[in-house]
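Reviewing the structure listed below.
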Amino acid sequence: MLANVLLSLALACSASAAPLVAPSFPTVAKRDNSPFNITYSSPRNATYDSLPRLLIMATGGTIAGSSTSNTDSTAYTAGAIGVAALVEAVPELLETAQIDGVQVANVGSNSLSDAIALNISKLATKAVCGDDAPYDAVVITHGTDTLEETAFFLDITVNCSAPIVVVGAMRPATAISADGPNNLLSAARTAVSPLSRDRGTLITLNDRICSAFFCQKTEANTLDTFESPEFGCLGHLLSVQPFYHYPPSMPTFKKVYDISKVQSLPPVEIIYGFQGSDFHLVKSAVESGAKGVVTAGTGAGSLSTAGQPLIDSVIAQGIPVVRSTKINSGFVAPSTNATTIAGGVFNPVKTRRMLQVLLALGKTNDEIRAAFEEPLGSYLTQF
Ligand code: SIN
């Protein structure tokens with residue numbers, strides 16, 4: 001009981017100087033939201049009818065985290081607060097959009113399964129793609145630990161112009177200077193901005209707007225952690241208003257895949273490279289059911305001489321092995337006669353998502369190689 005009272009107080013304080021406002025208009029009739037299992041609809045207010053329609057999918061994470069101490073940023077419970085409380089803690093959201101909320105999950109993002117990621121992608125497509133789509137934009141609240149994995153997955157599987165924005169926070173909702181409320185308002189305003197269309201899935205944290213294709217978590221603890229090394233961010237927010245540095249464009253190497261008929265994502269393991277590694281875990285991965293393997297290799301994706309025979313033995317069984325780099329930045333270029341596939345521009349977790357999608361669509365190993373290697377390879381061979 002006391003914890004609940006503390007939590008309400010902290011949410012109210014952390015969101016803005018304004019206290020939580022009880023809805024003064026009746027809650028609107030719900031739209032045709034049967035596929036979405038809506039658990040929250042924002043109250044009708046004076047501006048409601050003129051506002052864009054926004055679906056917020058909440059999945060948990062630190063943005064929904066709670067602690068009994070307002071200085072705790074390490075031992076709190078992630079995924080403790082529901083979507084309604086997240087929205088109600090930021091009254092400005094009610095002037096931003098007509099909001100429906102769905103609680104897709106409420107867990108730390110390290111526990112989000114492939115099945116949930118698939119569900120989020122299909123729900124997002126239903127929400128905003130097609131002429132009769134019931135929403136104008138989607139925001140997904142998500143733990144930051146694996147945020148880039150879901151965001152990238154959405155970026156390569158949701159095929160329409162509507163904005164999809166993934167957002168998290170580095171401090172729990174109960175912390176002094178919690179970053180969640182500002183990030184959530186940033187995400188909502190970014191999502192409903194016409195400037196955000198045709199940019200693929202976006203990530204907003206700490207006043208930056210990044211493309212999910214390149215954006216990644218770069219620091220384990222600080223607020224200023226989501227960045228796109230080498231590629232930069234697409235835009236910023238000032239006074240919680242989004243603006244972009246360039247007109248809409250898509251990454252050169254991006255392709256979007258139709259996964260509407262995919263029922264599950266095949267298991268793909270990531271194996272880390274290091275000095276003297278013999279990659280013996282590749283064998284265990286395949287024995288325990290992996291349908292593909294990604295190596296987070298050294299440097300530009302190199303594998304040890306000792307590891308190569310074992311890797312070749314799983315490739316001989318028909319298992320694709322895609323090389324990425326543990327550096328988490330830079331490129332793994334195709335090389336002639338390699339038995340492994342070069343991952344190109346993707347870091348290990350994004351390579352894993354891409355391989356899962358290609359395997360789920362029944363692509364052959366040659367097609368998988370082409371999907372990873374041709375975009376970068378076509379540039380390398382043109383002179
Ligand atoms: C999580 O990823 O669920 C916990 C960490 C965070 O959201 O920052």
Side-chain angles (χ1 to χ4, degrees), residues 7 10-11 14-15 56-83 85-87 89-90 101-121 124 138-155 164-188 190-191 201-210 212 215-228 233 237 270 328 347-350 352-353:
L7 174 58
L11 277 171
S14 62
I56 298 185
M57 293 188 212
T59 69
T62 295
I63 192 167
S66 171
S67 172
T68 50
S69 159
N70 62 3
T71 56
D72 174 18
S73 66
T74 54
Y76 58 91
T77 307
I81 295 169
V83 63
L86 285 181
V87 175
V90 188
V102 49
Q103 195 75 49
V104 176
N106 208 1
V107 294
S109 70
N110 49 1
S111 299
L112 275 177
S113 62
D114 290 343
I116 294 174
L118 190 57
N119 185 31
I120 292 172
S121 169
V138 169
V139 164
I140 295 146
T141 62
H142 201 291
T144 62
D145 288 353
T146 66
L147 189 150
E148 73 195 70
E149 299 178 40
T150 300
F152 177 77
F153 181 61
L154 291 167
D155 200 32
I164 296 178
V165 181
V166 191
V167 63
M170 292 300 287
R171 292 187 183 138
T174 45
I176 298 173
S177 290
D179 51 334
N182 185 73
N183 286 348
L184 182 57
L185 185 59
S186 298
T190 300
T201 301
L202 302 169
I203 294 175
T204 56
L205 270 93
N206 213 34
D207 296 335
R208 283 203 184 89
I209 308 169
C210 290
C215 193
Q216 59 193 42
K217 191 171 186 179
T218 63
E219 219 280 347
N221 309 104
T222 60
L223 272 58
D224 194 19
T225 176
F226 277 86
E227 291 180 24
S228 304
C233 62
L237 293 114
I270 302 175
N328 229 18
N347 73 8
V349 291
K350 294 181 184 191
R352 174 178 173 270
R353 280 297 190 213

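Note that ligands are numbered from 1 as they come in the structure, with each ligand's atoms numbered from 1 the same way.
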Hey, is ligand 1 close enough to D145 that some N/O pair sits below 3.5 Å? yes
Under the criterion side chain to side chain contact (heavy atoms under 4.5 Å, CB included), which of L185, L184, V139, V165 is the partner of T204? V165
Checking side chain to side chain contact (heavy atoms under 4.5 Å, CB included) against H142, which of L112, V167, T62 comes through? L112
How far apart are the C-alpha atoms of R352 and D114, what are their side-chain angles, what is the distance that settles it, and do they pass the salt bridge (Lys or Arg N to Asp or Glu O under 4.0 Å) test? CA-CA 11 Å; R352 174 178 173 270; D114 290 343; 3.3 Å; yes
Identify the closest protein heavy atom to atom 2 (O) of ligand 1: which residue and atom is it, and at what distance? S109 OG, 2.6 Å
Shortest protein contact, atom 8 (O) of ligand 1 (heavy atom only): T144 OG1, 2.5 Å
Using atom types as modelled and distance alone, determine if a side-chain donor or acceptor of E149 lies under 3.5 Å from a backbone N or O of R353. no
Checking T225 side chain against E219 main chain: does a donor-acceptor pair fall under 3.5 Å? yes
Suppose I only count heavy atoms of T62 and a 4.0 Å limit; which atoms of ligand 1 are within that range? 4 (C), 5 (C), 6 (C), 7 (O), 8 (O)
Could you tell me which atoms of ligand 1, counted from 1 in the order shown, lie closer than 4.0 angstrom to a heavy atom of G108? 3 (O)
Non-hydrogen atoms of S111 versus ligand 1: any pair closer than 4.0 Å? no
